[in-house]
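These notes are about the structure you will find just below.
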Amino acid sequence: MALSYNYLLFCSLVLSVIISPCIAQTSFRPKALILPVTKDASTLQYLTQINQRTPLVPVKYTLDLGGQFLWVVCLEDYESSSFTSPPCHSAPCSLANAPFCWDCSDSQPRPGCNNNTCNLLPDNTINGISFNGPLSMDVASIQSTNGKNPGRVVSVPKLLFVCADRFHLTDLANGVRGMAGLGRNSISLPSLFSSAFSFPRKFAICLSSSTKANGAVFFGNGPYVMLPGVDVSTSLVYTPLILNPVSTASLLFRPRPSTDYFIGVKSVKINGHVVPLNTSLLSIDKNGVGGTKISTVHPYTVLESSIYEAFVKAFTKELANAPRVESVSPFGACFDSTRIGSTRVGPAVPQIDLVLQSSDVYWRIFGANSMVQVKSNVMCLGFVDGGVNPRTSIVIGGHQLEDNLLQFDLATSRLGFSSSLLFRRTTCSNFNFTSHA
């Protein structure tokens, strides 16, 4: 772990050299930034928008919690007078761990097609499509925040990203032009924004369960205040983030650790009863297989087959008052919802606990995050079977994250989580985007 820390420290120092002078033109240094996040009704992807280029245009992205970096389609309709590609072996290329040079076959240089620049592998983590793309830089603007309201708009004149081809957009939501990576990487958005504005290497996500309201990504420190004045940062529970030493990306130029966020789930309980499962699957082995990661590109939590079968059996036993009905894809366990009551935190179903580093540290999942209403009288357990021998045993998906605030502290390698905000009579869609600080 010391090696990993030293590498990240080196990256932080290099990044400050690259970016910090670029923002010295303004005396205002925000303590935090905010991006609104919407949920796409068709794909269930979480989308955000960043204003980029000269002149500024809004660019829509699919949010990728474990993504390596920001990537966008450049080869079509990319017009900007401030676009540049860093030369091969330059400081930005070193920071990005991109040692290989890129030459474009076209005679006329343009965004996405420049000679003597370095290249990376933009990864569509929805479907695993990955191919070469040149490292690039351009202007980006983003809103600052005091944690209660949006504030002044600030700019990063040379935000690093990777240009991709149009085929990378397959399976992404309509209108999306790329993916916004928030992963454990030196050129992911949290690292870039932290170094540009000298605030802590920390960010938080709060995803709305509604397709008609905004959730948010906060970059920097809290508070994280939701109407009516609830500061979520005061009630977080903490657990270590675990570094998977083997990359989970679709393609790589050279071996490196995963940029996904893993946590140490030790057991699973339903209504306080331990689910019998092969606990060796909960650890990451020397090949990077196993363990539990958090993902915004999976709409529902995915469980390795033997875990899924034991989990469904235990949940069904505890939900004895509601008979099973015919399954509705992609779910394998559905119930007669007319026999299920309601509570402040969703359907009245058994509580699910992901037990972490000790028996008194757990992520509790209530009905709003465990169940999905698929028909007027049918409700399904919102977990899916991931098959035999998946790369990761448990992938905590978007539905289980909604209306929970998750804070990722990259400096201390720690996750803070709130559990359901519904208990505090608020939601992730209750950030006050309308009143400015």
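All values derive from a computational prediction rather than experimental measurement.
In this structure, the side chain of Thr427 does not engage the main chain of Asp403 through any donor-acceptor pair within 3.5 Å. Remark: the backbone N or O of Phe167 is paired with a side-chain donor or acceptor of Thr170 at under 3.5 angstrom. The backbone N or O of Ala411 lies less than 3.5 Å from a partner atom in the side chain of Asp409, making a donor-acceptor pair. Remark: the backbone N or O of Gly346 is not paired with any side-chain donor or acceptor of Ser342 at under 3.5 angstrom. Gln45 places a side-chain N or O within 3.5 Å of a backbone atom of Ala173 that can act as its donor or acceptor partner. With hydrogens and angles ignored, the 3.5 Å screen pairs a side-chain donor or acceptor of Ser188 with a backbone N or O of Gly183. Side-chain atoms of Asp138 do not come within 3.5 Å of backbone N or O of Pro157 as any donor-acceptor pair.
Looking at heavy atoms from C-beta onward, Asn244 lies out of side-chain contact with Ile242 at the 4.5 angstrom threshold. In this structure the side chain of Val139 never reaches within 4.5 angstrom of the side chain of Val156, judged on heavy atoms. For the pair Ile396/Thr292, a side-chain contact is recorded, criterion being any heavy-atom separation below 4.5 Å from C-beta on. Between Glu79 and Arg53 there is no side-chain heavy-atom pair separated by less than 4.5 Å. A 4.5 Å side-chain heavy-atom check between Ser210 and Ser429 finds every atom pair outside the cut-off. Residues Thr117 and Cys88 are not in side-chain contact: their nearest non-hydrogen atoms beyond the backbone lie 4.5 Å or more apart. Ile34 places a side-chain heavy atom less than 4.5 Å from the side chain of Phe433. For the pair Met179/Ile126, a side-chain contact is recorded, criterion being any heavy-atom separation below 4.5 Å from C-beta on.
When ring centroids are compared, Phe431 and Phe218 come within the 6.0 Å threshold. Annotation: Tyr78 is in aromatic contact with Phe83 [ring centroid separation under 6.0 Å].
Residues that satisfy the side chain to side chain donor-acceptor pair (under 3.5 Å) test with Ser305, not counting sequence neighbours, are Asp385. Partners of Thr48 according to the side chain to side chain donor-acceptor pair (under 3.5 Å) rule, which considers only residues two or more places apart in sequence or in another chain, do not exist here.
Shown are Phe383, Phe315, Tyr308, Tyr300; of these, the ring pair (Phe, Tyr, Trp, His ring centres under 6.0 Å) with Phe331 is made only by Tyr300.
Within the cation-pi definition used here (under 6.0 Å to the ring centroid, within 45° of the axis), Arg414 qualifies as a partner of Tyr238.
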**Message:** Applying side chain to side chain donor-acceptor pair (under 3.5 Å) to Asp231 and Thr234, what does each step give before you reach the verdict?
**Reply:** CA-CA 6 Å; Asp231 182 2; Thr234 62; 5.1 Å; no

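A donor-acceptor pair shorter than 3.5 Å can be found between the side chains of Arg184 and Ser413. Side-chain atoms of Ser130 and Ser250 form no donor-acceptor pair, as typed in the model, at a separation below 3.5 Å. Using modelled atom types and a 3.5 Å distance limit, the side chains of Thr125 and Asp123 yield no donor-acceptor pair. No side-chain donor from either of Gln143 and Thr145 sits under 3.5 Å from a side-chain acceptor of the other.
Across all their heavy atoms, Phe366 and Phe423 have their closest contact at CZ-CE1, 3.1 Å.
More than 12 heavy atoms of other residues, nucleotides or ligands sit less than 6.0 Å from atom CZ of Phe417.
The list of disulfide bond (SG atoms under 2.5 Å apart) pairs with a residue in residues 121-231, not counting sequence neighbours, reads Cys74-Cys163, Cys206-Cys428.
Atom CD1 of Ile263 and atom CG of Leu406 lie 8.0 Å apart (nearest 0.5 Å). The CG atom of Leu172 sits 4.5 Å away from the OG1 atom of Thr62 when rounded to the nearest 0.5 Å.
Under the 2.5 Å SG-SG cutoff, Cys93 and Cys118 qualify as a close cysteine pair.
Salt bridge Arg364/Asp353: present, at least one basic N to carboxylate O contact under 4.0 Å.
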